[in-house]
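One structure below.
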Amino acid sequence: MKSLVIQFPGSNRDRDMIAALELISGHKPQVIWHQETTLPPADLIVVPGGFSYGDYLRSGAIAARSAILIEIARHAARGVPVLGVRNGFQILTEAGLLPGTLMRNASLKFVCKNVQLEISNADTLFTGKYSSNQIINCPVAHHDGNYFASPDTLKTIEDNAQVAFRYANDTNPNGSINNIAGVLNKQKNVLGLMPHPENFIEPAHGGTDGRALFESLLEMANP
Amino acid sequence: MIINDPPVTKDLIAEHGLNADEYQKILDLIGREPSYTELGIFSAMWNEHCSYKSSKKWLRTLPTKGKYVILGPGENAGVVDIGDGQAVIFKMESHNHPSYIEPYQGAATGIGGILRDVFTMGARPIAAMNALRFGAPEHKKTRHLVNGVVAGVGGYANCFGVPTVGGEVEFDPRYNGNNLVNAFAAGIADTDKIFLSEAKGVGLPVVYLGAKTGRDGVGGATMASAEFDDDIEEKRPTVQVGDPFTEKRLMEATLELMATGAVVAIQDMGAAGLTCSAVEMGAKGNLGIELDLDNVPVREENMTPYEMMLSESQERMLMVLHPEKEAEARAVFEKWELDFATVGKTTDDLRFRIIWQGTEVANLPIKQLGDEAPEYDRPWVPTKPTKTPEHTESETDIAKVLVQLVGSPNLSSRRWVWEQYDTLIQGNSLQLPGGDAGVVRVDGHPTKALAFSSDVTPHYCEADPFEGGKQAVAECWRNLCATGAKPLACSDNLNFGNPEKPEIMGQLVGAIKGIGAACEALDFPIVSGNVSLYNETNGVGILPTPTIAGVALIPDYKKMARIPFSQTGQEILLVGANANWGSHLPQSQYFKQIHNLHKGPPPPVDLTHEKATGEFVRYIIAENLSANVHDCSDGGLAVALAEMAIAGKMGATIAQPTSNHPAATFFGEDQGRYVVVVSPKDLQQVLDKAAKANVSIQQIGTTKGDTLKLGHARAISVEELTTAHQGWFPRFMAQ
């Protein structure tokens, strides 16, 4: 699986993502600096977590206006899987590649802890190795993870099964509407995810429930 | 003399924190009246914060060498060998004064400063801790300060991208007017790629990198070297403003630049900014430095040389570069969108010269500003011991007291705090806050990990600075051993009141002597540190607080111990205790909280016993004989057992020695003890090994069920303990 990791000056979970992709796929992903204007062919594009431009304005708002996003959008439209985790999720919503928006956590505080997630749609490029309604453990670490969408949008994404992950068993850490933790675009090849599966793939992490997400993508790339 | 510069008057000199003798020394040194800029420079370099003038004499007595020490105190951080050609680089530093004036920014820039110290030496930061001390929970400012400091720590560390894996939070009315923020960071570098501040070579470019210079933080180091009074609000402009996004870029650019071989010397701009960094680089390298301020990147108009030299704007670096690599270096910094400006050069005349608009505004002897700054042998008196309070133990409801203690401000869970810190970033965190020590894997190594712990018991230090100093080191060492890690070295962050008072100076001297004795005995040298004095408000000083932050190596993290009870039917041992299990109650949480008794000596630390016990516990863990270990500290055996039960969601049944009062048994704070859980099949082997090592062991009970039963006391459900333990902090903050 050839994967690309997009690097903004304030990305900081890029290293975690690179390590996870290498461990699971056996191949080092190619790192793409945000000022690049073209992307090489790839099986997966990842926008990792962090604070792309410090997030002093709305998280991801500045990164969403960088040139590389136009190129990411072009690849996404052609069906290339795009995964945005935490700040990546924020950037993809700001860029209009995903519906809804991410507001400040309801607690108004940064939160880092383990939560439980329910697989709401196991029939996607990203979740094929999970089973439907399966409950998994996964850590979160964010300040602006409170997912919100207007009633119309919400109805559309729910009707179209665009919710991939939901916080389960009262572990919603941020006040997200409908407990939404991960959402897909209409074509279901772009996923935005607030939790960090890349930090939950080895026994040393305290659990490996995050692996199946990467393994699902791997299987799609190398059927 | 620049037009508009104020004349140097008595008042102006005093405002700069310089006394009459020090001013006379300046006159003698330069043979004329200093300019305003020069006065500012002297004030910045000779204040307590930068010069260590009250503590230097005593700091020299600390053991700083050891088998693993590559570089001790004197640089930005200490450097310790961890094998395989790698070193851990670490330091703890205070940001107390600014954090009280402006908690969010004060704490944030404290984290920024310590991270910069670590990556300035070529190390990528891999772990952070912070030891926080606040006033009484009921004091009107406490909640505001806790909120601001915790958010500031998280705001900076989370954005920068370093996991916060440990620390302390303590409340005491003696911190009502001065809270403490002691920030620790550690990084890893190759031992042959460590960068120092000592400039080498004449005529080489001095380059300014990072963020632009503004007026924030002007006079910050001088402010941090004075007591507070009622006019504290006026000092807000002396607090710097942090930008972790710029710091993150500065780190990436600095590490990238170092890899090109362009860097001769490097020093971050921390306290006293441009002044301190330039003087240090020159003085250490026996070179002069000439700076042309017209080239300094500024973000405000019409800045005077005085302001530029004293600004403490954050996220800035000064380097001496190989001239032929300057273009390459510039490209790296432009990629990261940071300023890069050649602002001066090294010279051979040992002068510190500042040029501004073509005029020389300062010309001072660099050595006397730096490593030959004044030094004091301040008078001190030893701390008088207090008598053990009269107290007759009657019937004590052990269960009730335990629930009360685990739910008290100082012993309750700190989850509310550390859930606001990113503890997981970098993907190497093995043990998070809440255990004995934070543990982080060494990235790229299949088995190695590093453990970190920060400790001090300020009430012990006040009762007996020498024993308290010993205890701070011993507890840190013990916490590290409890994970199975071999302690390598530590950093000391000495927070005290006004050293011009002989009693306070006596506390400092006593604590340093105690720290020295313990570091020597435990082979745990001090490799870095910081001194924060004048932590006083309206004449009332803080508790003496010498925080010790230690680093230890775990050769194979698969053989590592954690605190939770994990399996039912296991034997619980109390290692290092005599047949009474516990005895020392003066200065204990039990005496203080339950009986309101505050006098008497702290528990003494027998360093020979400490060492033997710790080594034995490490051995047991390395032999795979125990995976659940916890040290006994504040609150004694009962609190240690409760923490293991809460963390493991599993109970235990504990006996009690007939000969001893149960309060002493369960709440005594005797030192050098560990709770160690072993499988029944390994019990005899462990006892035999202990006998051989001459380490005392008591078999005290077994893990089972969902209640904790201590001796004859009522069995307490683990759920009740958990509710009490987890409840206090969120309830307090929600008020």
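What you see below is based on every heavy atom in this structure, not just the backbone, and it leaves out hydrogens, waters and symmetry mates. So that the names make sense, note that chain A is the first sequence line, chain B the second, and so on, each numbered from 1.
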### Message
Less than 4.5 Å to any heavy atom of chain A: does that hold for the side chain of Tyr421(B), its backbone, both, or neither?
### Response
backbone
### Query
Non-hydrogen atoms of chain A under 4.5 Å away: do they reach the side chain of Arg441(B), the backbone, both or neither?
side chain
### Query
What distance do Phe110(A) atom CZ and Cys159(B) atom SG have between them, rounded to the nearest 0.5 Å?
9.5 Å
## Note on the structure
For Lys109(A) and Trp416(B) the tightest heavy-atom approach is CE-CZ2, 3.4 Å
#### Entry: Interface moiety of Asn12(A) toward chain B, non-hydrogen atoms closer than 4.5 Å
both
### Task
Among Arg249(B), Glu252(B), Arg124(B), single out the residue with the greatest number of heavy-atom pairs under 4.5 Å to chain A.
Arg124(B)
### Message
Would you say CD of Glu719(B) has more than 12 non-hydrogen atoms from neighbouring residues, nucleotides or ligands within 6.0 angstrom?
### Response
no
### Query
Is chain B contacted by the side chain of Ala204(A), its backbone, both, or neither, given a heavy-atom distance below 4.5 Å?
both
### Query
For Asp243(B), is it the side chain, the backbone, both, or neither that has a heavy atom closer than 4.5 Å to a heavy atom of chain A?
both
### Query
According to the interplanar angle, ranging from 0 to 90°, do the rings of Phe245(B) and Tyr53(A) count as parallel (below 30°), tilted (30 to 60°) or perpendicular (above 60°)?
tilted
### Task
Could you tell me whether Lys113(A) sits above the aromatic face of Trp418(B), with NZ or CZ closer than 6.0 angstrom to the six-membered ring centre and within 45 degrees of the axis?
no
### Task
Counting only heavy atoms closer than 4.5 Å, note whether Ser107(A) contacts chain B via side chain, backbone, both or neither.
neither
### Task
Assess whether atom CZ of Arg211(A) is packed by more than 12 heavy atoms of other residues, nucleotides or ligands within 6.0 Å.
yes
### Query
If you count heavy-atom pairs under 4.5 Å between each of Arg415(B), Glu337(B), Lys335(B) and chain A, which one has the most?
Lys335(B)
### Query
Which members of residues 425-432 of chain B, sorted by number, sit under 4.5 angstrom from chain A on a heavy-atom basis?
Ile425(B), Gln426(B), Gly427(B), Ser429(B), Leu430(B)
### Task
Among Ala151(B), Gly155(B), Pro244(B), single out the residue with the greatest number of heavy-atom pairs under 4.5 Å to chain A.
Pro244(B)
### Query
Is it the backbone or the side chain of Gln35(A) that comes under 4.5 Å from a heavy atom of chain B, or both, or neither?
side chain
### Task
Using the side-chain contact (heavy atoms from CB on, under 4.5 Å) rule, pick out the option among His143(A), Arg13(A), His196(A) that qualifies with Asp422(B).
Arg13(A)
### Message
So which residue, Tyr557(B), Trp336(B), Phe160(B), ends up with the most heavy-atom pairs under 4.5 Å with chain A?
### Response
Trp336(B)
### Atom CZ of Arg143(B) with >12 non-hydrogen neighbours under 6.0 angstrom
yes
